**Student:** 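Handing you a structure now.
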There are 2 protein chains.
Amino acid sequence: MALAHAILASLVECPCSGYDLAKRFDGSVGFFWVASHQQIYRELPKLEELGWIESEAIAQFPRPDKKLYYITELGKQQLREWIDKPCEPTLIKDDLLVKIFAGYVVNSEKILEQIEYHEKAHRERLLVYKQIEQQYFQLPIEQMPESEKFRYLTLLNGINYETYWLAWCKQAIELLEK
Amino acid sequence: MALAHAILASLVECPCSGYDLAKRFDGSVGFFWVASHQQIYRELPKLEELGWIESEAIAQFPRPDKKLYYITELGKQQLREWIDKPCEPTLIKDDLLVKIFAGYVVNSEKILEQIEYHEKAHRERLLVYKQIEQQYFQLPIEQMPESEKFRYLTLLNGINYETYWLAWCKQAIELLEK
DNA sequence: TCTGCCATGTAAGTTGTTACATGATTAT
DNA sequence: ATAATCATGTAACAACTTACATGGCAGA
């Protein structure tokens with residue numbers, strides 16, 4: 001139930017609506033856990049029933065009301081317990097690699113095109129992450145508040161991830177062009 | 001439908017039974033696409049119905065019969081078309097990073113323990129991959145047959161993946177110990 | 001006028017996980 | 001004896017994707 005806990009992790013920072021959650025899952029939280037608005041809207045009533053979150057209708061006339069969700073004490077406790085429970089490293093699961101594996105059944109050029117496309121996408125994403133780093137994480141580590149450190153670590157992971165893919169794409173192109 | 005295509009990618013190499021497929025998805029193919037035996041057994045009749053694969057019962061008395069699956073021409077064509085169709089890079093989706101993101105709500109030591117556990121797991125996996133590299137991919141790239149090149153690329157990706165995680169774990173431990 | 005943003009959902013279908021179920025053979 | 005391997009599945013549930021559905025407001 002990691003989606004549930006990802007929602008809790010986001011709500012513990014700051015209460016917000018389903019819509020806002022969906023946006024966060026398209027930005028910061030989304031850098032390591034993607035969820036569509038459909039998933040989120042379906043999950044919220046479940047979490048409310050469990051008593052992990054509660055909601056409050058906020059009138060904002062003439063705009064439609066929004067439901068403000070916030071985490072409960074029980075929810076925080078659940079989040080803490082989940083964080084403390086060990087988990088296994090995530091395994092790679094990647095379409096492109098399946099394609100590469102069977103790449104010899106098609107024209108090499110088509111494969112190369114795809115790798116080049118991925119290379120571009122990863123380069124762009126890396127740039128975005130580096131810009132975020134420049135903008136929000138300028139303080140030296142020693143002066144960073146605790147919660148900032150954790151956020152920074154997730155960003156660093158993203159930077160390392162994109163760097164690894166970028167490097168692999170270059171290797172792959174080089175190897176296939178031989 | 002990447003599971004379907006991952007199965008095709010495996011069968012195009014060599015026909016085999018559901019059981020054998022499950023084993024491959026626990027080894028070579030499993031390095032970039034994991035699937036349980038339940039998933040595989042459920043998928044096989046579907047693929048047969050589509051005409052992408054066919055099966056033959058092999059008697060092996062006194063052992064129980066096994067169904068040998070092989071890819072059809074239509075299946076190969078489907079695989080080629082799928083490979084040529086562009087796809088988007090896979091986004092990170094990782095429990096540990098959700099935990100890190102909300103890491104400030106628990107004791108840092110617990111988080112450190114988990115990162116250390118992951119570090120160990122990644123180091124071990126990296127070692128396995130490097131041993132495979134030493135054993136099966138000794139030829140210089142120029143002399144590698146085409147299909148070997150593609151297999152090698154998937155292995156290289158695995159090596160880069162584990163290396164990136166390992167490096168991040170080290171960074172994370174260092175940063176959190178400050 | 002049209003695009004984008006705010007705001008919330010339902011429905012159908014696919015994919016993935018966990019648990020259950022059986023039964024023979026082979027190696028220790 | 002008993003554990004591991006060969007061999008194949010079903011059932012229930014959880015998670016995820018894709019498409020459908022609505023309607024107002026703000027800015028170019």
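Reminder, nothing fancy here: chain letters follow the sequence lines and each chain counts from 1. Since the model is a prediction, treat every value here as computed from it, not as a measurement.
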**Student:** Quickly work out the B:M1 CE to D:dT18 P distance and round it to whole Å.
**Tutor:**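 In whole Å, D:dT18 P and B:M1 CE are 12 Å from each other.
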**Student:** Between D:dG9, D:dC16, D:dA15, spot the one nearest the side chain of A:K46, thanks.
**Tutor:**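 Closest of the options to the side chain of A:K46: D:dA15.
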**Student:** Minimum heavy-atom separation for B:R24 to B:C16, with atom names?
**Tutor:**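 Heavy-atom minimum between the residues: NH2-SG, 3.3 Å.
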**Student:** Which other residues belong to the hydrophobic cluster containing B:L91, where Ile, Leu, Val, Met, Phe, Trp and Tyr are joined when side-chain heavy atoms lie under 4.5 Å apart, directly or via other members?
**Tutor:**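 Hydrophobic cluster check, B:L91: joined to A:V34.
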**Student:** Parallel under 30°, tilted from 30 to 60°, perpendicular over 60°: which one fits the rings of B:H122 and B:H118?
**Tutor:**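 The rings of B:H122 and B:H118 sit tilted, inter-plane angle from 30° to 60°.
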**Student:** The criterion is ring-ring contact (aromatic ring centres under 6.0 Å, His included); which residues satisfy it with B:W168, sequence neighbours excluded?
**Tutor:**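 If we apply the ring-ring contact (aromatic ring centres under 6.0 Å, His included) test to B:W168, skipping adjacent residues, the hits are B:W165.
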**Student:** Among all residues two or more places apart in sequence or in another chain, which pass the side-chain contact (heavy atoms from CB on, under 4.5 Å) test with B:Y136?
**Tutor:**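 Per chain and number, B:Y136 pairs via side-chain contact (heavy atoms from CB on, under 4.5 Å) with B:I132.
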**Student:** Check side-chain contact (heavy atoms from CB on, under 4.5 Å) between B:E146 and all other residues, then give those that pass, not counting sequence neighbours.
**Tutor:**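 Counting only residues at least two positions away or on another chain, B:E146 forms a side-chain contact (heavy atoms from CB on, under 4.5 Å) with A:S108, B:K149, B:F150.
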**Student:** Measuring only between side-chain heavy atoms, which start at C-beta, is A:K46 closer than 4.5 Å to A:W52?
**Tutor:**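 No. Closest side-chain heavy atoms not under 4.5 Å.
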**Student:** List the residues meeting side-chain contact (heavy atoms from CB on, under 4.5 Å) with A:A35, not counting sequence neighbours, and say none if there are none.
**Tutor:**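 With neighbours one apart ignored, the set is A:L3, A:F25, A:Q39, A:I40.
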**Student:** Between side-chain atoms of residues 95-104 of chain A and protein atoms elsewhere (two or more places apart, or another chain), which donor-acceptor pairs fall under 3.5 Å?
**Tutor:**
from: A:K99; atom 1: NZ; to: B:W82; atom 2: O; distance (Å): 3.2
from: A:K99; atom 1: NZ; to: B:K85; atom 2: O; distance (Å): 2.4

**Student:** Check DNA chain D against residues 4-29 of chain A and give the residues with a non-hydrogen atom under 4.0 Å, in numerical order.
**Tutor:**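 Heavy-atom contacts with DNA chain D come from no residue of residues 4-29 of chain A; none.
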**Student:** Going by atom types only, do A:Y69 and A:E56 share a side-chain donor-acceptor pair under 3.5 Å?
**Tutor:**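 Checked: A:Y69/A:E56 side chains show no N/O donor-acceptor pair below 3.5 Å.
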**Student:** To the nearest angstrom, how far is A:E48 atom CD from C:dT8 atom P?
**Tutor:**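 In whole Å, C:dT8 P lies 12 Å from A:E48 CD.
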**Student:** Rounded to the nearest angstrom, tell me the gap between atom CG in A:L3 and atom C1' in D:dC16.
**Tutor:**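 Between C1' of D:dC16 and CG of A:L3: 10 Å.
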**Student:** For B:Y19, check side-chain contact (heavy atoms from CB on, under 4.5 Å) against everything at least two apart and list the hits.
**Tutor:**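 Checked B:Y19 against side-chain contact (heavy atoms from CB on, under 4.5 Å); matches are B:S17, B:K23, B:Y41.
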**Student:** Which residue pairs pass the salt bridge (charged side-chain N to carboxylate O under 4.0 Å, His left out) test when at least one of the two sits in residues 113-128 of chain A, sequence neighbours left out?
**Tutor:**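 Matches after skipping sequence neighbours: A:E119-A:R123, A:K120-A:E124.
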**Student:** Output the rounded distance in Å from NZ (B:K66) to P (D:dT8).
**Tutor:**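 Atom-to-atom, B:K66 to D:dT8, this comes out as 7 Å.
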**Student:** Of all of residues 34-44 of chain A, which get a heavy atom below 4.0 angstrom from DNA chain C, listed by number?
**Tutor:**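 Of all residues in residues 34-44 of chain A, the ones placing a heavy atom under 4.0 Å from DNA chain C are A:H37, A:Q38, A:Y41.
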**Student:** Which residues, if any, of residues 90-103 of chain B bring a heavy atom under 4.0 Å of DNA chain C?
**Tutor:**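 Per residue number, the list is empty: none.
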**Student:** Could you give the angle between the helix axes at the two ends of the helix from C:dT1-D:dA28 to C:dT28-D:dA1, with five pairs per end, rounded to 10 degrees?
**Tutor:**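 For the helix from C:dT1-D:dA28 to C:dT28-D:dA1, the axes at opposite ends meet at about 40°.
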**Student:** Could you pull out the closest heavy-atom pair between B:Q114 and A:P86, with the gap in Å?
**Tutor:**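 Nearest heavy atoms, B:Q114 then A:P86: OE1-CA, 3.7 Å.
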